[in-house]
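Have a look at the structure that comes next, please.
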Amino acid sequence: MKELTVDAAVENIEVVTDFVNEQLEALHCPVKAQTQIAIAIDELFGNIARYAYTPDIGKATVRFSVEENPLAVIITFIDHGVPFNPLEQANPDIHASAEDRPIGGLGIFLVKKTMNLVEYEYKDGQNILKIKKNIE
């Protein structure tokens with residue numbers, strides 16, 4: 001397992017993405033899966049940066065691990081911010097026009113659709129959000 005702890009700030013989305021991409025490239029991850037994971041990082045870490053500690057800035061940890069058979073990566077986002085389970089949000093009505101759809105919810109919907117597993121728990125004062133993507 002590899003781990004990175006950074007300030008939960010929007011400008012660190014790129015740092016987190018680079019950290020994960022480095023691990024994915026070592027596994028020869030297909031471009032499509034790598035792109036889907038990058039979108040998930042942008043959404044999930046971006047939400048932590050924008051909302052977890054508002055108006056302050058706290059720390060966020062990103063853990064990267066690998067499972068075998070089938071080959072999969074697990075990325076875990078951990079913060080000590082306000083408890084928030086994004087999986088409890090209703091899925092957006094993707095058939096409604098953009099004008100009729102409320103703002104928000106589309107990003108987590110995309111994460112749920114493109115990852116093989118998305119789990120959330122609040123434990124010991126921490127938000128723990130885990131995504132898993134099969135890359136084989």
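On a predicted model such as this, the values are computed, not experimentally measured, just so you know.
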> Got a second to check how far Tyr120's OH is from Phe84's CZ, nearest 0.5 Å?
Replying inline: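 Output value for this atom pair is 8.5 Å.
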
> Hey, what do you get for CG (Leu24) to CD (Glu22), rounding to the nearest 0.5 Å?
Replying inline: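 It is 10.0 Å, given to the nearest 0.5 Å.
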
> Has the side chain of Lys133 got a donor or acceptor atom that lies under 3.5 Å from a matching backbone atom of Thr114?
Replying inline: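 The answer is yes, because a donor-acceptor pair under 3.5 Å joins these two groups.
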
>> Check for me, please, whether Ile74 and Val16 land in the same ILVMFWY cluster - side-chain distances under 4.5 Å, paths through other members count.
In response: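 They do not share one cluster, since no chain of ILVMFWY contacts under 4.5 Å joins Ile74 to Val16.
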
> So, for Val10 and Ala49, which heavy atoms are closest and what is the spacing to 0.1 Å?
Replying inline: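 For Val10 and Ala49, the tightest heavy-atom pair comes out as N-CB, 3.4 Å.
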
> Taking the hydrophobic residues Ile, Leu, Val, Met, Phe, Trp and Tyr, and joining any pair whose side-chain heavy atoms are under 4.5 Å apart, which ones share a cluster with Ile128?
Replying inline: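 Its cluster mates, by chain and number, are Ile78.
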
> Closest heavy-atom contact between Gly46 and Ile13?
Replying inline: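 Scanning both residues completely, I find the closest heavy atoms to be CA-CD1, 3.8 Å.
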
> How would you list, by chain and number, every residue that makes a salt bridge (charged side-chain N to carboxylate O under 4.0 Å, His left out) with Lys132, sequence neighbours excluded?
Replying inline: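 Once residues adjacent in sequence are excluded, the partners of Lys132 under the salt bridge (charged side-chain N to carboxylate O under 4.0 Å, His left out) criterion are Glu67.
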
> Side chains of Leu71 and Asn134: does their closest heavy-atom pair fall under 4.5 Å?
Replying inline: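 They are not in contact (no side-chain heavy atoms under 4.5 Å apart), so the answer is no.
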
>> Please give me the minimum heavy-atom distance between Asn127 and Gly81, naming the atom from each residue.
In response: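 So the two residues come closest at ND2-O, 3.4 Å.
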
Please report, to 0.1 Å, the donor-acceptor pairs under 3.5 Å made by any side chain of residues 51-65, with sequence neighbours excluded.
from: Tyr53; atom 1: OH; to: Lys59; atom 2: O; distance (Å): 2.6
from: Tyr53; atom 1: OH; to: His80; atom 2: N; distance (Å): 2.7
from: Thr54; atom 1: OG1; to: Arg50; atom 2: O; distance (Å): 2.6
from: Lys59; atom 1: NZ; to: Asp7; atom 2: OD1; distance (Å): 2.9
from: Thr61; atom 1: OG1; to: Thr5; atom 2: OG1; distance (Å): 2.9
from: Arg63; atom 1: NE; to: Glu3; atom 2: OE1; distance (Å): 2.6

> Residues two or more places apart in sequence or in another chain: which of them pass side chain to side chain donor-acceptor pair (under 3.5 Å) with Asn12?
Replying inline: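 Applying side chain to side chain donor-acceptor pair (under 3.5 Å) to Asn12 gives none.
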
>> Check whether Gln23 reaches the backbone of Phe19 with its side chain - one donor and one acceptor, N or O, closer than 3.5 Å.
In response: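 Yes.
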
> Hey, does the side chain of Asn85 reach the backbone of Leu87 with a donor-acceptor pair shorter than 3.5 angstrom?
Replying inline: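 Indeed, once roles are kept as given, a pair shorter than 3.5 Å links the two residues.
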
> What's the spacing between Ile131 CD1 and Asn116 CG if we round to 0.5 Å?
Replying inline: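 Going from CD1 on Ile131 over to CG on Asn116, the span is 10.5 Å.
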
> Can you hop from Leu27 to Val20 via hydrophobic side chains spaced under 4.5 Å?
Replying inline: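 Leu27 clusters together with Val20.
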
> What residues, two or more places apart in sequence or in another chain, satisfy side-chain contact (heavy atoms from CB on, under 4.5 Å) together with Glu119?
Replying inline: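 Expected list: Leu117, Lys130.
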
> Take atom CD in Glu121; do more than 12 heavy atoms of anything else shown fall under 6.0 Å from it?
Replying inline: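 Buried by this count: over 12 neighbours within 6.0 Å.
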
> Among all residues two or more places apart in sequence or in another chain, which pass the side chain to side chain donor-acceptor pair (under 3.5 Å) test with Asn21?
Replying inline: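 Asn21: side chain to side chain donor-acceptor pair (under 3.5 Å) contacts with Gln34.
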
